[in-house]
Amino acid sequence: MDDSSLRDQEEALRQAVSLLPQEARKRYYQLEQTLVKDPDTYAVLNYFFAAGLHHFYLGKTLKGIMNLALMLIGLATLSSIGFFIILFVIVIELPQLFRSQTIIRKHNIKVMENVINELQPRT
Amino acid sequence: MNSNLEHRIRKEKQKQWLWIAMSALLVVLFASYQLYTQAIPYLAQKIAVAIPQPVYQAVDKHTLTTLDDTELSKTQLSELKQQEISTLFSQLIDNKREAQHVYTLEFRNWEDQANAMALANGTIIITDAMVALAADQQELSAILLHEIGHIEHNHVMESIVSSSLVFVGLGVILGDVTALSDVLLQGTIIGITQSYSKQAELEADKYASEHLIAQYGDHNAMSAVFQKLATENQDESSWLSTHPSFDERIEKIQNTEP
């Protein structure tokens, strides 16, 4: 997903927010402060031992557990194949560090779209 | 609906940070343990072997010069006694002529402290008090073989390399900007190198014990020397020591089959 597509989605989100009733809009901004994720935190958690902490940060528990388990298996078998397992995890996970801005923008858009759906008055 | 949503969000966030904290703790503890028990000794061994011979020579020369300038003084042993011990030393290293280390024996006095030490490239220093402590040739052999064991296992250079690895590793993680990181860094290095040092002592004991058995048929001389040293160093604080306790060392030696 490129930058212009993300900008379009963010614009659509802003439009949807502007259409919310005033009380719901106020709640939206309150929830936004709590729910949006920070790309720097994501990047730091990714960098930290590449142990899947960045997945937990985005609420992707299963992916995080798989990443953590692979890292622990790699560490446990360090004297045999562990080095290659750790290398594999790093090769898969570390590039996300450099895409943290895009990943977090996508995540925030998705989360806030769900919030709008929840806040929209039922007809 | 909104209070339900808020409650759900709060619970979700708590769960996420709990996973992060638990996983971080688990990985840090496990990675530290694995680094300490496997990665650092393995890397230290490989790097120490790859270090060129002139570096070993320079380390020995510099260490001996520093010790001579600060702690050690000229030996009071007679030429005859020195010759006698040197002959014994030559016999002990007889099958190591082709080894990469250059074995030399140096006699020094160290304020009447009974001690012997090995340097990286094969220089062994024995103090006058240590010579006096040894009752016979077997006990002297035990002392010298222990030091030869350190050299054969390359403990000195491995210790220098592992300390450097820990220092650089912790420096990368903690940075070097705060007093706290400095304390953590120094404390960890002291703790880890002391632990490695104790392992090295036991390894050198094992080496000496096996060679004593091969040469004299038993390793009683080792235990005898340790008992004498234990009597001399009764106030030694064991947890800060770089050596295991003498009781532990005697017990380990006695477990070596004659």
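Numbers restart at 1 for each chain; the letters A, B, ... are given by sequence-line order, proteins then strands. Every value quoted in this text rests on a predicted model; they were computed, and no experiment measured them.
At most 12 heavy atoms of other shown residues, nucleotides or ligands fall within 6.0 angstrom of atom OH in A/Y47. Summarising the local packing, CZ of A/R99 is surrounded by 12 or fewer heavy atoms from other residues, nucleotides or ligands at distances under 6.0 Å. Annotation: A/Q33, atom CD; neighbour count of heavy atoms from other residues, nucleotides and ligands within 6.0 Å does not exceed 12.
Contacts between residues 53-62 of chain A and chain B, counted as heavy-atom pairs separated by less than 4.5 Å, involve A/L53, A/F56, A/Y57, A/L58, A/G59, A/T61. Within residues 18-29 of chain B, the residues having any heavy atom closer than 4.5 Å to a heavy atom of chain A are B/W19, B/I20, B/S23, B/A24, B/L26, B/V27, B/V28, listed by residue number. Contacts from residues 72-80 of chain A to chain B, taken as heavy-atom pairs separated by less than 4.5 Å, involve A/L72, A/L75, A/A76, A/L78, A/S79 in sequence order.
Within the model, atoms CD1 of B/I9 and CG of A/L31 stand 4.5 Å from one another, a figure rounded to the nearest 0.5 Å.
Contacts of B/A208 classified as side chain to side chain contact (heavy atoms under 4.5 Å, CB included), with partners at least two apart in sequence or in another chain: B/L145, B/H146, B/M222.
Among B/Y42, B/Y33, B/W17, the residue with the largest count of heavy-atom pairs under 4.5 Å with chain A is B/W17.
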